[in-house]
Amino acid sequence: MKNKIALLVLLLLGVMAYGQEIHVTYKIGEKYSDRYKYSNLQSISDDGNGGTILIRSYYSGMILKPKGYYIEHYNKNLELISDFNYKMKGSELVNSFVKNGQIHLLLLNYNRGANAYEYIIHKSPVTNYNFIQKTILSIESEEVEKALDKNFYNRNFSSGFTTTALFNKDKSAFLISTHYKKRKINKHTIYLFNAELENIIEHDFSSHVENKNYAFEDIVTSKDLNEVYIIGKAYFKKKRFVTTERKFQYELIKITSEEEKITSFDSPGKYSEALKPILDNGKLICVGFYADRKDNRYNGISYFEIDLVTLEMKSKKYNAFSQQFMLDKFGKDRAKQIKNLVFKNIDVTDNKDILFNAEEYFVTSSYQSNGTGSRIKVRRYHYNDMVSVKLNESGDMAWARNINKTEVTQGDGAYASYSSLTKGDDTYFFISTAGERPQQLSNKRIIFRQGYSRNRNVFVIKLNSQGDLSYKKMIDDKDARLPLMVSIPFKNNKENSVLFYAKRGSKKQLIKVNIK
């Protein structure tokens, strides 16, 4: 009995020690009633005056169907100052942004009368909701299923028409890619628009899609928006692949109003995965993961420095996962493989170190009875371990850490996963869980499990400049009675703050977290 008590005391002391270095405060806004029980948060944007604009898609009816978009405007004190129901059917929200006091909704609509897909901007002042519409792009095509391709990891090119829209980091520009294929027609066009909705680049990319299909994943732009750099997968159009062949390679594409250049990344025995571009102070870098074999297992971190003008490779480095990382993730079981990693966030520090994090994400499905004797297919979305990596300015890995976590949902993914904020050389992770504390594993390893309670605690996890981990419970479920949408925050790097939207049923509120 004495030994059990001593062990419990040691565990409690360990938990207390984990949280000693973290200094955060939070403010819970007023709780408001909400008429739309069924909705999905699409975005949170700065209103330009310290407040925020929230945009939600909402659903109603006996059989839930999308009815429009609900806009909420909060001031800097987390007070709701206005809201607006923008009723709309048929169009699909691609993205939204707030610039110069104007709300912009970018939507994709199929115009049956014109037999064309249309990208339409709906724009309104923040202070007086009065939306006007502007069609910025129209592409003739038959109507297809799921024309807007949001899935970067398993693209479908067989529908006849696919389109993708990607924004740069500050939403000063966005790229639209359209690919139409029917019989002998095979046309792929790339457009770049600025925030004033001017089409500043239009580029015919069709010569490259005879042998490959392109799935663009991310972009960076020069400050003057004269150059756009696109990262994505190029899928080879072979009719058959043997098991040792790879169906795709990552490519970087540079486009201006006058030229294009393309480069690829793979080396013998090194195959790129989940690359992300960075453009910082005239330096173009791509970082991500790599595999030693042509499969979906990851073996380490890749780093590429690329010439801005020629796209020639100036530096290429492969950093294998460290023993510490493998111990974090698997303990003593070294036979398991790392896979299914999806990028979440990337930052460059004042010292030019690169801090990025990813998440182990995958989807499973099964069939279950719906109570009427028939069986339906159910998809489950898994948001598991968090991965954090630090590279120095030369691309050498300082450390990589794995934080064990298990979450699965069949519903709104906004409540699952995590968000992060970088302050100086430290990275802070915010997760929501029903557990009162993480579960202790062997060799000082811990794991955050989802739990089953309706209410959720919010934990903050800190990785310092050396990769040392600490954590503490930040918000108790008794203080915040509504669950937080932890994966869709508004991050203010100047204030070192994160704003979360909390909602359940007909109640909602904002919660602001400040890092000291």
Side-chain angles (χ1 to χ4, degrees), residues 25-89 91 93 96 98 103 105 122 124-131 409-417 419 430-434 451-458 474-492 497-514:
T25 60
Y26 65 88
K27 177 183 178 181
I28 299 179
E30 182 180 344
K31 193 179 293 183
Y32 294 97
S33 296
D34 188 88
R35 74 183 90 173
Y36 300 109
K37 184 176 181 181
Y38 303 102
S39 67
N40 294 110
L41 179 62
Q42 299 294 334
S43 65
I44 307 179
S45 305
D46 186 358
D47 71 350
N49 295 305
T52 49
I53 302 288
L54 282 75
I55 299 172
R56 292 155 47 200
S57 54
Y58 69 91
Y59 311 83
S60 63
M62 291 294 292
I63 299 176
L64 291 176
K65 293 183 178 180
K67 298 296 184 179
Y69 302 96
Y70 191 65
I71 300 166
E72 302 170 57
H73 189 187
Y74 292 82
N75 63 19
K76 62 182 180 181
N77 297 317
L78 314 186
E79 297 168 333
L80 181 63
I81 55 178
S82 69
D83 54 22
F84 182 72
N85 177 13
Y86 191 32
K87 295 180 180 180
M88 187 191 312
K89 297 178 182 179
S91 297
L93 181 66
S96 63
V98 178
I103 299 171
L105 306 180
H122 294 238
S124 168
V126 170
T127 53
N128 180 26
Y129 300 107
N130 181 25
F131 279 94
T409 181
Q410 293 176 218
D412 192 346
Y415 295 96
S417 189
S419 58
F430 303 93
I431 65 171
S432 180
T433 172
Y452 299 101
S453 172
R454 250 177 117 239
N455 296 327
R456 292 286 190 266
N457 300 303
V458 179
M474 182 178 68
I475 305 176
D476 191 273
D477 59 7
K478 297 179 181 60
D479 295 327
R481 305 293 296 186
L482 302 179
L484 275 66
M485 297 184 183
V486 289
S487 66
I488 309 181
F490 172 71
K491 295 188 285 187
N492 189 325
S497 66
V498 186
L499 187 72
F500 296 105
Y501 189 60
K503 188 177 187 304
R504 178 189 288 132
S506 61
K507 298 295 181 183
K508 63 188 178 185
Q509 63 187 165
L510 291 182
I511 296 175
K512 186 176 182 180
V513 177
N514 287 90

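What you are looking at is a predicted structure, and each value in this text was computed from that prediction instead of being measured. When a residue number appears, it is its place in the shown sequence, counting from 1.
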If we ignore hydrogens and angles and just use 3.5 Å, is the side chain of Gln42 paired with the main-chain N or O of Ile55 as donor and acceptor?
no

Ile53 and Ile103, any side-chain heavy atoms less than 4.5 Å apart:
yes

May I have the step-by-step check of side chain to side chain donor-acceptor pair (under 3.5 Å) for Ser60 and Lys65, ending in yes or no?
CA-CA 6 Å; Ser60 63; Lys65 293 183 178 180; over 6 Å; no

Are any non-hydrogen side-chain atoms of Thr25 and Val513 less than 4.5 angstrom apart?
no

Charged N to carboxylate O below 4.0 Å: is that the case for Arg56 and Asp34?
yes

For the pair Ile475 and Ile511, evaluate side chain to side chain contact (heavy atoms under 4.5 Å, CB included) and give the outcome as yes or no after the intermediate values.
CA-CA 10 Å; Ile475 305 176; Ile511 296 175; 3.8 Å; yes

Quick one: closest heavy-atom pair of Ser417 and Ser487, and the distance?
CB-CB, 3.8 Å

Does the gap between the ring centers of Tyr38 and Tyr59 come in under 6.0 Å?
no

Residues Val98, Val126; criterion side chain to side chain contact (heavy atoms under 4.5 Å, CB included); working and verdict:
CA-CA 8 Å; Val98 178; Val126 170; 4.1 Å; yes

Interatomic distance, Met474 atom CE to Asp479 atom CG [nearest 0.5 angstrom]
11.0 Å

How close do Asn130 and Pro125 get, counting heavy atoms only, and between which atoms?
O-CD, 3.9 Å

Measuring from atom OH of Tyr74 to atom NZ of Lys512, what distance do you get when rounded to the nearest 0.5 angstrom?
15.0 Å

Look only at the side chain of Arg504 and the backbone of Arg481, and say whether a donor-acceptor pair between them is shorter than 3.5 Å.
yes

Looking at NE2 of His73 and CD of Glu79, how far apart are the two atoms once the value is rounded to the nearest 0.5 Å?
12.0 Å

Using 0.5 Å steps for rounding, measure from the OH atom of Tyr36 to the NZ atom of Lys508.
9.5 Å

Please step through side chain to side chain contact (heavy atoms under 4.5 Å, CB included) for the pair Glu72 and Leu80, ending with a clear verdict.
CA-CA 7 Å; Glu72 302 170 57; Leu80 181 63; 3.9 Å; yes

Are any of the side-chain heavy atoms of Phe490 and Asp46 separated by less than 4.5 Å?
yes

More than 12 heavy atoms of other residues, nucleotides or ligands under 6.0 Å from NZ of Lys76: yes or no?
no

CG/Asn49 to CG/Asn75 distance, rounded to the nearest 0.5 angstrom?
10.5 Å

Taking Asn457 for its side chain and Asp477 for its backbone only, find out whether a donor-acceptor pair lies under 3.5 Å.
yes

Quick one: are Asn492 and Leu499 in side-chain contact, heavy atoms under 4.5 Å?
no

Over 12 non-hydrogen atoms of neighbours within 6.0 angstrom of NZ in Lys37
no

Is the backbone N or O of Leu105 less than 3.5 Å from a side-chain atom of Ser96, with the two atoms forming a donor-acceptor pair by type?
no

Flag the pair Arg35 / Tyr70 as yes when at least one side-chain heavy-atom distance between them is below 4.5 Å, and no otherwise.
yes

Mind checking whether Phe430 and Phe500 have parallel, tilted or perpendicular rings, split at 30° and 60°?
perpendicular

Verify, without hydrogens or angle tests, whether Asp412 (side chain) and Tyr415 (backbone) share a donor-acceptor contact under 3.5 angstrom.
no

Does one side chain, of Asn85 or Tyr58, offer a donor that lies under 3.5 Å from an acceptor on the other?
yes

Smallest separation among heavy atoms of Leu78 and Leu510, with atom names
CD1-O, 3.9 Å

Close side-chain approach of Lys31 and Leu482, heavy atoms under 4.5 Å:
yes

Between Phe131 and Tyr86, is the gap from one ring center to the other below 6.0 Å?
yes

Please examine the side chains of Ile28 and Gln509, heavy atoms only from C-beta on, and report whether any two atoms are closer than 4.5 Å.
yes

Would you find a donor on one side and an acceptor on the other, under 3.5 Å apart, between the side chain of Lys503 and the backbone of Gly505?
yes

Is a side-chain N or O of Ser419 found less than 3.5 angstrom from the main chain of Val486, in a donor-acceptor match?
yes

Exam field: side chain Ser82 to backbone Thr127, donor-acceptor pair closer than 3.5 Å
no

Contact check, side chains of Lys67 and Lys87, non-hydrogen atoms, under 4.5 Å
no

From Ile44 atom CD1 to Ile488 atom CD1, the distance as rounded to the nearest 0.5 Å
7.5 Å

Check the pair Ile71, Tyr129 against side chain to side chain contact (heavy atoms under 4.5 Å, CB included), reporting the backbone distance first and the verdict last.
CA-CA 10 Å; Ile71 300 166; Tyr129 300 107; 3.9 Å; yes

